[in-house]
Amino acid sequence: MVRILPMASSTLNLASLRPSLSSTLNCSAKFGASATPSNPNRRLALFHLGSVIPQAQLFGVRASKFLRTEKNSIEAGTAGNAAQASTSVNHENILEWVKKDERRMLHVVYRVGDLDRTIKFYTECLGMKLLRKRDIPEERYTNAFLGYGPEDSHFVVELTYNYGVDKYDIGTGFGHFGIAVEDVAKTVELIKAKGGKVTREPGPVKGGNTVIAFIEDPDGYKFELLERGPTPEPLCQLMLRVGDLDRSINFYEKAFGMELLRKRDNPEYKYTIAMMGYGPEDKNAVLELTYNYGVTEYTKGNAYAQIAIGTDDVYKTAEAIKLYGGKITREPGPLPGINTKITACLDPDGWKAVFVDNIDFLKELE
């Protein structure tokens, strides 16, 4: 659970909206130092110089200095090669470990202006369940977790309400959430009956057959309704926009251990998407990365916060993130007071993620 620091007043204060890592789980749970390689051309040149040195000098002081210099050059080159090889092996080991790590998207955190209103909309219109809720009056915020199943096995949303703040800026980088439903048309009818806002009526997706619709919740967050059969993970997508898709795919594969499930380019509408995740789309929540032709930067606003991902080892996870271009914003280690081990980072586009120790996460849910 991410704590959002309290507001001094109803005036929006961006500095006070930073998610607090100390309670991220209280409720819920390139650079490898590359040694300079030896220069074979330099060594070869030294040996050639030896052929023109007078014989008398070869066995004198100058010769011994020359031979020591050459010996040192060879040793330094050998050490450099060894260090480079060691770094390469280390990179391979980290990458292999990341692939085997037991990871799962745990929850997504964002801020809302009226918690009760949002809970009502999600439960009555989207069919979610309120899993738990807690109020922290001394820090002037309230959290609520909602989803389609228990937190230990499902991807859920974590809503944060800061006392006195009723509106946030979603920005241009955040895209939408995806929810799988068996009948999009009926779901849209229900949402309309409850006063919900439909921004795209039910119909096939452009260039495909999947029936979809788009709606907005009371705070303006967009939800894509996708028509699918029964699925164990109805809260199935989180869409974020990125400035370099290939860079993002490489990062999420290597640092986050996600798999590129599919990639689709749509030149007619000038965008490309990549689905990344820890398992098939019909059974797991996935990250939908979207690249719009020619757009390299987006505003993030102060509404969307981050995702939380489970891992077997936050320390190795932090190594992998650093190795593949991520920025660690919270070094790995236990949180004071509750001892849950976490690490936090930013991806190349500045999207935040918190990795949580799997065992500690389950303990926090007990």
Side-chain angles (χ1 to χ4, degrees), residues 1-7 13-33 94 97-98 101 103-111 139 141 143 157-158 160 162 168-171 173-174 238 240-244 247-248 250-258 276 287 289 296-358 360-361 364:
M1 186 278 295
V2 171
R3 181 182 69 191
I4 308 301
L5 296 180
M7 314 301 293
N13 185 337
L14 299 185
S16 67
L17 293 173
R18 296 190 301 270
S20 170
L21 295 171
S22 64
S23 71
T24 295
L25 301 175
N26 200 20
C27 268
S28 67
K30 310 231 184 217
F31 304 155
I94 287 291
W97 177 83
V98 167
D101 188 23
R103 297 186 175 184
R104 180 176 70 84
M105 289 170 61
L106 304 177
H107 54 258
V108 56
V109 187
Y110 52 104
R111 305 170 179 97
E139 298 189 36
Y141 77 90
N143 287 114
V157 299
E158 177 186 338
T160 297
N162 289 289
Y168 296 92
D169 175 18
I170 295 177
F174 174 82
L238 168 60
L240 301 174
R241 298 182 176 94
V242 299
D244 184 327
R247 179 186 64 182
S248 293
N250 181 66
F251 177 80
Y252 279 95
E253 282 183 321
K254 294 179 177 178
F256 279 29
M258 290 185 177
M276 312 287 299
L287 197 57
L289 304 178
T296 59
E297 293 184 2
Y298 297 91
T299 60
K300 292 184 172 58
N302 60 355
Y304 171 83
Q306 64 200 32
I307 57 171
I309 299 173
T311 177
D312 289 336
D313 191 322
V314 298
Y315 301 94
K316 289 183 179 180
T317 291
E319 287 182 41
I321 290 167
K322 292 176 182 177
L323 187 62
Y324 294 110
K327 179 181 179 181
I328 297 297
T329 57
R330 203 277 186 189
E331 291 293 337
L335 291 169
I338 62 173
N339 294 321
T340 295
K341 294 182 288 296
I342 73 163
T343 188
C345 71
L346 300 178
D347 77 355
D349 287 277
W351 293 114
K352 186 176 180 181
V354 173
F355 283 83
V356 186
D357 181 275
N358 284 323
D360 294 344
F361 173 71
E364 287 297 324

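In this structure, the separation between OG1 on T296 and CZ on R241 is 14.5 Å, given to the nearest 0.5 Å. Here the CD1 atom belonging to I338 is positioned 4.5 Å from the CD atom belonging to E364, to the nearest 0.5 angstrom. Once rounded to the nearest 0.5 Å, the distance linking CG of D347 with OH of Y252 reads 3.5 Å. The line from OG1 of T329 to CG of L346 is 5.0 Å long, rounded to the nearest 0.5 Å. One distance of note links CD1 of I309 with CZ of F256; it measures 5.0 Å at 0.5 Å rounding. Rounded to the nearest 0.5 angstrom, H107 NE2 and E158 CD are separated by 4.5 Å.
Side-chain contact annotation: D357 with Y315, donor-acceptor N/O pair under 3.5 Å absent.
For N358, the side chain to side chain contact (heavy atoms under 4.5 Å, CB included) partners two or more places apart in sequence, or in a different chain, are E102, D312. Under the side chain to side chain contact (heavy atoms under 4.5 Å, CB included) criterion, D244 pairs with D246, R247, not counting sequence neighbours. Evaluation of the ring pair (Phe, Tyr, Trp, His ring centres under 6.0 Å) rule for F174 yields F177, Y221, Y304 as partners, not counting sequence neighbours. Here K254 pairs with L95, N250, Y324 under the side chain to side chain contact (heavy atoms under 4.5 Å, CB included) rule; sequence neighbours left out. Residues passing the side chain to side chain donor-acceptor pair (under 3.5 Å) test with R103, sequence neighbours excluded: D101, T317. I328 is linked by a side chain to side chain contact (heavy atoms under 4.5 Å, CB included) to A318, I321, K322, E331, T343, C345, counting only residues two or more places apart in sequence or in another chain.
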Trace of the side chain to side chain contact (heavy atoms under 4.5 Å, CB included) decision for M105 with M258: CA-CA 10 Å; M105 289 170 61; M258 290 185 177; 4.2 Å; yes
Can you check side chain to side chain contact (heavy atoms under 4.5 Å, CB included) on V157 and Y110, steps first, answer last? CA-CA 8 Å; V157 299; Y110 52 104; 3.6 Å; yes
Apply side chain to side chain contact (heavy atoms under 4.5 Å, CB included) to L106 and V356, showing your working. CA-CA 9 Å; L106 304 177; V356 186; 4.1 Å; yes
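Counting only distance, with no hydrogens or angles, the side chain of T311 and the backbone of D313 share a donor-acceptor pair below 3.5 Å. For N302 (side chain) and D169 (main-chain N/O), a donor-acceptor pair under 3.5 Å exists by modelled atom type. Formation of a donor-acceptor pair under 3.5 Å by the D349 side chain with backbone atoms of W351 is not found in this model.
The nearest pair of heavy atoms linking F251 to G325 is CE1-C, 4.1 Å. Minimum heavy-atom separation, V314 to G333: CG2-N, 4.3 Å. Considering all non-hydrogen atoms of both residues, V98 and A255 come closest at CG1-O, 4.2 Å. Contact record, A320 with I94: CB-CG2, 3.5 Å, taken as the closest heavy-atom pair.
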